[in-house]
Amino acid sequence: MEANAPIVKFHCVAKRYGDGALVLDGIDLAVAKGDFVTLIGPSGCGKSTVLKLVSGLSPWTTGDVTVAGKAPRQARDRQAFIFQDATLLPWLTAQHNVELPMRLRGDSAEQRRRRAAEMLALVRLSDARGFYPRQLSGGMKMRVSIARALSVSPELLLLDEPFGALDEMTRNHLNEELLALRDRTPFTALFVTHSVAEAVFLSNRIFVMAARPGRLHAEVRVDFPYPRESALREKSEFQTKVNEVSRLLHQVEEVAAR
Amino acid sequence: MKRASDFWVWLLPVVTGALIIALWYGVRAATGLQSWILPTPLEVLQAAVRERQLLLAAAGNTAVGALLGFLFAGAAGWVTSIVLGSSLSLRRSLYPWLLVLQMTPVIVLTPVIVLWAGAGLPGIVTVTFLISYFPVVANMTQGLLSTDRNLVALFRMSNASRFQELLLLRVPSAMPYFLAGLRIAATLAPIGAIFGEYMVGSSAGGTGGLGFLVYSYNTQIKIPALFATALTSCLLGFIFVAGVALFNWAVLHKWHDSYEQPDR
Ligand SMILES: Nc1ncnc2c1ncn2[C@@H]1O[C@H](COP(=O)(O)OP(=O)(O)OP(=O)(O)O)[C@@H](O)[C@H]1O
Ligand SMILES: [Mg+2]
């Protein structure tokens, strides 16, 4: 395999659930190693479905999807999924939740404990390791979820509106943390959000999707260098990008309304 | 704040109880029924004190039958649900027949039970089991099938085996359902045991339980004592329910929302 082969590749992919209408059509997408790719688009346009295809949770109808050159299911050990709600097991402490994927793949207890402690420290939750999910705030739960996903050092991280349920300040903080974590444990990200500002802050590539059937409407490149810091949000270039993406979103929404 | 609300929590049922007793005396006075038809609460208590040794011994015997039947129902219910929960085709083929078993009135089965399990304790345990088994299965199976879809996706994404998924995800997340089933079973088990004693019991060598006392007080027309037997059965039922509540607390209080501490 060539060094810069895409880690995720969609070739002319179409998808329908059962014998329903087409949910995705003609998706061509190549995510390169190190990319931070964001999908944004109207509700129901198939963003989550794209992630389900990549993770092998759901089959596609026609075309081809590969992850690291393999069928998605064969590449699961290289990816991790972060859901909108933190999806922690309520009967496990933060620490044991972080250990879960390592436990499932059979790491030793000692290895798991050490790695979980390390990951909880990275998301600044060392003091909460003995807490059960119901004792954690929404933001803390999400940080546990991020620690859990990164504990297995995935090459590819899939995130489906991970910060959608959080207030703006927490969301901004976690955005900055997520980028900082990428320097410590490098990963390629495929990210779904409804927030244009979040998309611009995090990504180097944004795909605006149109609905019914879901298509890639336009790609916007965001060339601000990493590491990015919160001051970036104040810059006028940042605002210009946000406006550009918003305009594209309006376009696809107007088409949908007609 | 705390004191006041606790006070009401205790006071309300006491007030309701007092009203019911007043109504009871009222009915007695208005109808002029005699004590062997409708004894007053006081007469019931007096009978309970008078018959305390018989009642206690019988309650002990009933408790043994009820507990054994309950434990079997809990264990068998647990295993059955895991079997049902792990395969759709097994569920399709077995569940209707479990329903049929549940619909069959146990009273119809009692002659067969005596024939197969024998009179006395084995028969009583069988009757108790039959009465308290189904709620456990129904609840736990529902629980196993109600696992959060995202959590299932998380396990699939982590390449978890079906066994890991069952053991580490489906069973723990079904625990609140299982315990709800046990709670129903706990209210049914003493009733089942008493019914069993009445139908298939034996009183040989002082092994007669409350069901036997129902029979013997009834034939002797000792109606206050019969009411006292009912009172004793209630107390036994409460002990069973309290036992399950304790178990429920031990399993769930650390993580389940039903034990969320109110901030005060
Ligand atoms: N399991 C399913 N079975 C049938 N149809 C589904 C299923 N999941 C999604 N769909 C349909 O596929 C379409 C795309 O859904 P998807 O969840 O991918 O949208 P989305 O872009 O993530 O939306 P949102 O922004 O609201 O999360 C929708 O029309 C939805 O009704
Ligand atoms: Mg979605």
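Numbered from 1 within each chain, the chains take letters A, B, ... in sequence-line order.
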Problem - Best-contacting candidate, B:D257, B:D148, B:L168, against chain A by heavy atom pairs under 4.5 angstrom - result: B:L168
Handout entry: Pairs of heavy atoms under 4.5 Å with chain B: top-ranked of A:S55, A:P90, A:P101
Key = A:P90
Exercise for the section: Among the options A:V152, A:L158, A:L100, A:T93, pick out the one with the most heavy-atom pairs lying under 4.5 Å from chain B. Expected result: A:L100
Handout entry: Residues A:E99 and A:R113 bridged, charged N to O under 4.0 Å
Key = no
Exercise for the section: Identify which of A:Y132, A:F81, A:W91 forms the greatest number of heavy-atom pairs closer than 4.5 Å to chain B. Expected result: A:W91
Handout entry: Gap separating the CG atom of A:L22 from the OG1 atom of A:T62, nearest 0.5 angstrom
Key = 7.5 Å
Handout entry: Closest-packed option against chain A by number of heavy-atom pairs under 4.5 Å, given B:S173, B:P172, B:S158, B:A160
Key = B:P172
Fill in the blank from the handout: Interatomic distance, CG@B:L55 vs CG@B:L231, rounded to 0.5 Å, equals 9.0 Å
Practice task
With a 4.5 angstrom heavy-atom cut-off, could you sort out which part of B:S161 is near chain A: side chain, backbone, both or neither?
Solution key: neither
Handout entry: Main-chain N/O of A:R182 paired with A:T185 side-chain donor or acceptor, under 3.5 Å
Key = no
Exercise for the section: Run the salt-bridge test on A:R115 and A:E118 with the 4.0 Å N-O cut-off and return the result as yes or no. Expected result: yes
Exercise for the section: Taking the side chain as every heavy atom from C-beta outward, state whether A:V8 and A:F10 have any pair of such atoms under 4.5 Å apart. Expected result: yes
Problem - Options A:K52, A:R105, A:R73, A:R103, ranked by heavy-atom pairs under 4.5 Å with chain B, top entry - result: A:R103
